Chemist: 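The structure that follows is given in the form of structure tokens.
From a predicted model like this one, the values you see are computed outputs, not experimental measurements.
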Amino acid sequence: VEFLPMNFGKDQVEETLKEYAKELLDAWGNDPFFIDLNLVDGLETISGIHPLNIFGGGCRDISLNPIFVVRLDSTKEYVEAVREETKQDGRGICIRVFIDQIFDPLFENRLKDFVLHLEFEPEEVHLVVDYAVHSDNSPLFEEVCDSMPSFLRRWRTFTVVGGAFP
């Protein structure tokens with residue numbers, strides 16, 4: 001799940017995030033799900049609390065079970081907010097990488113360093129490879145798997161996604 005910043009009123013970020021949590025509970029129930037809030041990272045809140053922490057608190061209040069998504073290029077503030085939330089819930093963390101990133105020769109080292117920085121073990125990390133918009137020129141699934149770091153077998157889960165969302 002990913003929220004778009006255009007759906008938030010200027011002074012209604014906190015209310016909107018809590019409302020979205022309730023809507024997700026109604027639609028999804030209590031099963032864990034991945035939520036990527038990178039696109040709302042820069043939204044200002046009246047309380048000054050990071051939007052992800054507001055959403056996380058709203059989720060705890062209603063027993064919703066998000067698994068927060070972080071990216072290799074997430075801001076420091078966002079990464080810290082994710083770390084705070086995920087250390088409380090025990091569901092692990094999700095790292096979302098894009099298809100072009102995994103073919104970078106430095107990818108394995110960047111990913112290892114990032115996991116260390118997050119203070120998680122690979123067994124606590126869900127890894128998602130995002131094709132974004134899949135095309136005929138996209139690498140084959142087998143190529144993606146062959147390009148993954150040698151410690152792939154240690155991830156909590158490994159997921160490949162693709163498509164286009166409005």
Chemist: Using every non-hydrogen atom in the two residues, find where Gly29 and Leu64 come nearest and quote the distance to one decimal.
Modeler: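 That would be O-CD1, 3.5 Å.
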
Chemist: Does Asp100 have any side-chain contact (heavy atoms from CB on, under 4.5 Å) partners at least two apart in sequence or in another chain, and if so, which?
Modeler: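 For Asp100, the residues satisfying side-chain contact (heavy atoms from CB on, under 4.5 Å) (neighbours in sequence not counted) are Phe98.
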
Chemist: What closest approach, in Å, do Ile49 and Ile54 show between heavy atoms, and which atom pair accounts for it?
Modeler: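 For Ile49 and Ile54, the tightest heavy-atom pair comes out as O-CD1, 3.6 Å.
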
Chemist: Within the distance-only criterion (no hydrogens, no angle test), does the side chain of Glu124 pair as donor or acceptor with the backbone N or O of Glu121 below 3.5 angstrom?
Modeler: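 Yes, Glu124 side chain to Glu121 backbone: donor-acceptor pair under 3.5 Å.
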
Chemist: Heavy-atom distance under 4.5 Å between the side chains of Ile95 and Phe120, does that happen here?
Modeler: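 In short, these two side chains do not touch, never coming nearer than 4.5 Å.
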
Chemist: Using modelled atom types only, decide if a donor and an acceptor are shared between the side chain of Asn30 and the backbone of Ser63 within a distance under 3.5 Å.
Modeler: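 Side chain of Asn30 to backbone of Ser63, a donor-acceptor pair under 3.5 Å: yes, one is there.
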
Chemist: When you compare the side chain of Thr86 with that of Arg91, does any pair of heavy atoms fall below 4.5 Å?
Modeler: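 No. Closest side-chain heavy atoms not under 4.5 Å.
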
Chemist: Can any side-chain N or O of Tyr78 pair as donor or acceptor with the backbone N or O of His50 at less than 3.5 Å?
Modeler: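 Pair absent, no side-chain N/O of Tyr78 close to backbone of His50.
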
Chemist: Show the numbers, then the answer: is there a side-chain contact (heavy atoms from CB on, under 4.5 Å) between Val161 and Tyr131?
Modeler: CA-CA 6 Å; Val161 298; Tyr131 268 87; over 6 Å; no

Chemist: Report yes if some heavy atom in the side chain of His117 is under 4.5 Å from a heavy atom in the side chain of Val79; otherwise report no.
Modeler: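 Side chain of His117 against side chain of Val79, heavy atoms only: contact under 4.5 Å found.
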
Chemist: Between Glu108 and Lys112, does any side-chain N to carboxylate O distance fall below 4.0 Å?
Modeler: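 So Glu108 pairs with Lys112 through a salt bridge.
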
Chemist: Can you check whether Val70 reaches Leu118 side chain to side chain, under 4.5 Å on heavy atoms?
Modeler: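 They are in side-chain contact.
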
Chemist: With a 4.5 Å limit on heavy-atom distance, are the side chains of Asn65 and Asp31 in contact?
Modeler: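 Contact flag for Asn65/Asp31 side chains = no.
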
